Structure formats: C-alpha cells, structure tokens
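Have a look at the structure below, then the notes.
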Amino acid sequence: QVQVVESGGGLVQPGGSLRLSCAVSGSIFSIYAMRWYRQTPGKQRELVAGTTKGGSTNYADSVKGRFTISRDNAKNTVYLQMNSLKPEDTAVYYCNAYGSRTYSSVPEDYWGQGTQVTVSS
C-alpha cells in the first residue's frame, strides 16, 4: 500500500499565507515527481505546481511569484508555500506522487484525499 496524506489546509484571509504538506509512505521504491493540483466544483483539475526528484520545478501562471514548491526526498514529502493568497485560490488541493514500487515497475500516479483551502474575509 502507498499512502499519500495532505495537511495544512484551512481558512485564511486574502493576502495571508498557508503551507501545505504532503507525505508519501508505504511500499514505494522511488518517487520521480510530486505535484500539487487543485479543483473547484464545476472546473477541471488544475496543475498548480510540480517538482522532480532532481529539483526542477514548474508552476501554473496563476500562482507564479506567490507559491513555492519544495521537497524533502529523504522524507518523501513535498510542501507548497502559498503567499499572497487570493479568493480565487480557494479549492481542494490534491497531492500527486508519480513513482514506482520497484526499480523495473511501471510508474503510477498516487493521490491523496485532498485538503481544503479557503481564502475569504
């Protein structure tokens, strides 16, 4: 079993900050990439930020300059520091881990349950 657990969501006022955490545990050999997605009812799931094991990162245009993704490979944990939050950032944030159970196995996507982020006065 592979477990993906997000934490850190909550209610914050516009302009505030939150830091999300995602920890991956269980029977996984290597994680090649970890990503944060978000989804609002009625909209498609959106890629917010991603990072590879080697440290490269990418961001959605809507969050560039405000969000920072980082990772701790030793702990199989990824973080999303969210600053200058806006009401439009309100969504359920999902953590995705792309990895393989063994050296030779085909990588798979593993998903967490999501954590709610609400930006409101």
Side-chain angles (χ1 to χ4, degrees):
Q1 297 288 334
V2 176
Q3 295 83 41
V4 180
V5 180
E6 304 102 331
S7 62
L11 175 64
V12 65
Q13 294 184 341
S17 299
L18 284 173
R19 190 179 80 154
L20 306 183
S21 298
C22 173
V24 181
S25 62
S27 301
I28 190 162
F29 175 76
S30 183
I31 300 173
Y32 304 113
M34 298 186 73
R35 309 177 182 99
W36 286 98
Y37 291 79
R38 65 187 182 188
Q39 189 167 25
T40 300
K43 296 186 65 178
Q44 295 183 14
R45 188 177 299 173
E46 174 191 20
L47 175 63
V48 178
T51 184
T52 67
K53 189 175 182 178
S56 63
T57 59
N58 64 287
Y59 299 90
D61 289 340
S62 59
V63 306
K64 286 181 179 178
R66 300 188 297 120
F67 291 10
T68 302
I69 189 170
S70 60
R71 81 285 177 221
D72 185 335
N73 290 330
K75 296 181 178 180
N76 286 339
T77 300
V78 66
Y79 307 93
L80 186 66
Q81 179 66 48
M82 305 185 293
N83 299 325
S84 301
L85 283 162
K86 304 175 181 179
E88 50 263 46
D89 295 318
T90 297
V92 177
Y93 284 71
Y94 296 93
C95 179
N96 165 268
Y98 182 70
S100 59
R101 292 180 177 268
T102 70
Y103 178 79
S104 59
S105 63
V106 177
E108 301 178 64
D109 284 302
Y110 301 94
W111 293 90
Q113 295 294 316
T115 185
Q116 177 70 48
V117 172
T118 302
V119 185
S120 179
S121 299

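If you're wondering where the values come from, they're calculated on a predicted model, not measured in any experiment.
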d(N76 CG, K53 NZ) to nearest 0.5 Å is 8.0 Å
When every non-hydrogen atom of R71 is compared with those of G55, the smallest separation belongs to NH2-CA, 3.2 Å
Taking the side chain as C-beta and beyond, is there a heavy-atom pair between S62 and E46 under 4.5 Å? yes
Residues at least two apart in sequence or cross-chain that pass salt bridge (Lys or Arg N to Asp or Glu O under 4.0 Å) with K64, listed by chain then number, are D61
Is the shortest heavy-atom distance from the side chain of K75 to the side chain of S21 under 4.5 Å? no
Rounded to the nearest 0.5 angstrom, the OG-CG distance for S120 and D89 is 12.5 Å
Taking S56's backbone N and O only, do any of them form a donor-acceptor pair with T51's side chain (distance below 3.5 Å, no angle check)? yes
Between R101 and S105 the two heavy atoms that sit nearest each other are N-OG, 3.3 Å
* Asked: So do the side chains of V117 and R38 get within less than 4.5 Å of each other, counting heavy atoms only?
  -> no
For W36 and I69 the tightest heavy-atom approach is CD1-CD1, 3.7 Å
Residues passing the side-chain contact (heavy atoms from CB on, under 4.5 Å) test with V92, sequence neighbours excluded, are Y94, Q116
For C95 and M34, the nearest pair of non-hydrogen atoms, with its separation, is SG-CE, 4.0 Å
Exercise. Would a hydrophobic clustering, with Ile, Leu, Val, Met, Phe, Trp and Tyr connected at side-chain separations under 4.5 Å, put L20 with V119?
Worked result: yes
For T90 and T40, the nearest pair of non-hydrogen atoms, with its separation, is O-OG1, 3.2 Å
Residues 4-16 vs side-chain hydrogen bond (donor to acceptor under 3.5 Å, both in side chains), sequence neighbours excluded, gives none
- Query: Do C22 and V4 come close enough that some side-chain heavy atom pair is under 4.5 Å?
  - Reply: yes
- Task: In sequence, state the C-alpha distance, the side-chain angles, and the governing distance for S30 and Y103, and then conclude on side-chain hydrogen bond (donor to acceptor under 3.5 Å, both in side chains).
- Result: CA-CA 8 Å; S30 183; Y103 178 79; over 6 Å; no
In short, I31 meets A97 closest at the heavy-atom pair CG2-CB, 4.3 Å
The reported gap from CG in L47 to CG in N96 (rounded to nearest 0.5 angstrom) is 9.0 Å
Y79 and T68, any side-chain heavy atoms less than 4.5 Å apart | no
| query | So, do M82 and F67 sit near enough that their side-chain heavy atoms are less than 4.5 Å apart? | reply | yes
Exactly one of Y93, Y98, Y37 clears ring-ring contact (aromatic ring centres under 6.0 Å, His included) with W111, and that residue is Y37
